[in-house]
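Per chain, numbering begins at 1; letters A, B, ... match sequence-line order. The model shown is predicted, which means the values in this text are computed figures rather than measured ones.
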Amino acid sequence: MAAGVEMREEAPRVARLHAILWGIFSLGGMLAAFLLPVMIYLTGIAYPLGLWPLNGSRDPSFLVMGTLLGVLFVFVTVAGSLFHGIFRFQSALTEVGLLRLKKGLEAAGYLIIFAGIILLAYYLLVLNPSLPAL
Amino acid sequence: MDTATIRVTRYRPETGPEPFFQEYKVPYRNDMVVLDALNYIKANLDGSLTYRWSCRMGVCGSCGANVDGTPKLTCASFLHEFKGRTINVEPLPNFPVIKDLVVNMEDFMRKLVKIKPWIIREKETPPEQGEYQQSAEELERYQQFSSCINCMLCYSACPIYGLNEKFLGPAATALAYRYIEDSRDQGKNVRFPIVHEMEGVWECTLVGECSVVCPKGVDPMLAIQKTKILGATNALRSILMPRGGR
């Protein structure tokens, strides 16, 4: 320790919860960047337009929605992307200087996102017609 | 010789509360930089102009200013690059101004000391026992971050620091990461709590301007991201392995 350096700082408090949320955000970002475009292409463009690799094949959504592993894949991809979106929204609020409104908007955003994630889970596990009965 | 028009921010708290621009005409050659123009003004036109400078070669980091709207070292900004335009020279944004182009650096200095920018050893060994050795690969892991000259341009370019001065900021984090990655250093447990505070790295929203304006090619944004990854990993480890995690 350097002699003579004054240390009157308060003891630092590690933001552990934020670190974990950031980890999920970062994972969600990777999923959003890599998996979401693939899913959108396969189910939204390639299948309806008959393009490669789904030209002439059956509805690809059955492949992922019909098995538990597939359902997990859809859940992680969509929920991860949603979580990434809300975390990035928080950053955008800071960047545009909406600091006074930030807490309220963040709370509203998280409420919407978590409601969306719960609805997604409900659809995938309960309403999903392709999933065999558990 | 061509003539450059320089508009410099003047702020003299003893005579007026508001800063104002003052315009000067400066003759220049192609090898002259904005700092030369400021020196010309001080020597020939207005001795009261106040600014910091020292080495005139991009090493000391003293002569930073907002040149034409971008934080730059005035010793590295050539006048001919602005040919035909008025050059605005303002104090570095995001810092309180003391006088003219001189800003108050106290907050930055406090943050520099806070991250303990020196090698911490659990137990010091006497010099007779030899150096702490390091391979070329180990050096490469942190070398770019050790090139920081503390010019504070990155803090001026950072919108988050502008909104929240408690944010540890780019240069201090880059320097902390430089020691975290140094194989000779054993002070991770001391530095992690500092950089992983809410106002440590987590306030950063990855704007990236810090890395754009750095005159020495340091990438503070990368250091912040890598420090975030370490923070997230440590937090997860502390949950999964409460006895062995940090």
Item checked: Nearest heavy-atom neighbours spanning A/Arg16 and B/Ala235 -> CG-CB, 3.5 Å
Notebook entry, point to check: What distance do A/Trp22 atom CH2 and B/Ile229 atom CD1 have between them, rounded to the nearest 0.5 Å?
Noted result: 5.0 Å
Next item on the list: Flag yes if more than 12 heavy atoms outside A/Arg13 fall under 6.0 Å of its CZ atom; otherwise flag no.
Entry: no
Notebook entry, point to check: Got a sec: does the CD of B/Glu165 have more than 12 other heavy atoms crowding it under 6.0 Å?
Noted result: no
Check: Which residues, numbered in order, of residues 23-34 of chain A come under 4.5 angstrom of chain B by heavy-atom distance?
Finding: A/Gly23
Notebook entry, point to check: With a 4.5 angstrom heavy-atom cut-off, which part of B/Pro159 approaches chain A: side chain, backbone, both or neither?
Noted result: neither
Note to self: Need one label for B/Ile194: side chain, backbone, both or neither, based on atoms under 4.5 Å from any heavy atom in chain A.
What the structure shows: both
Check: Where is the tightest heavy-atom contact between B/Leu163 and A/Thr94, given as atom of each residue plus distance?
Finding: CD1-O, 2.9 Å
Margin query: On a heavy-atom basis, which atom in B/Leu236 and which in A/Ile20 lie closest, and how many Å separate them?
Written below: N-CG1, 4.4 Å
Check: Taking atom OH of A/Tyr41 as the centre, does the number of heavy atoms from other residues, nucleotides or ligands within less than 6.0 Å exceed 12?
Finding: yes
Checklist line | Side chain / backbone / both / neither for B/Ile119 at chain A, heavy atoms under 4.5 Å | finding: neither
Next item on the list: For residues B/Ala232 and A/Ala19, report the shortest heavy-atom separation together with the two atoms involved.
Entry: CB-O, 3.5 Å
Checklist line | Over 12 foreign heavy atoms within 6.0 Å of CZ, A/Arg88 | finding: yes
Check: Does atom NZ of A/Lys102 have more than 12 heavy-atom neighbours, drawn from other residues, nucleotides or ligands, at distances under 6.0 Å?
Finding: yes
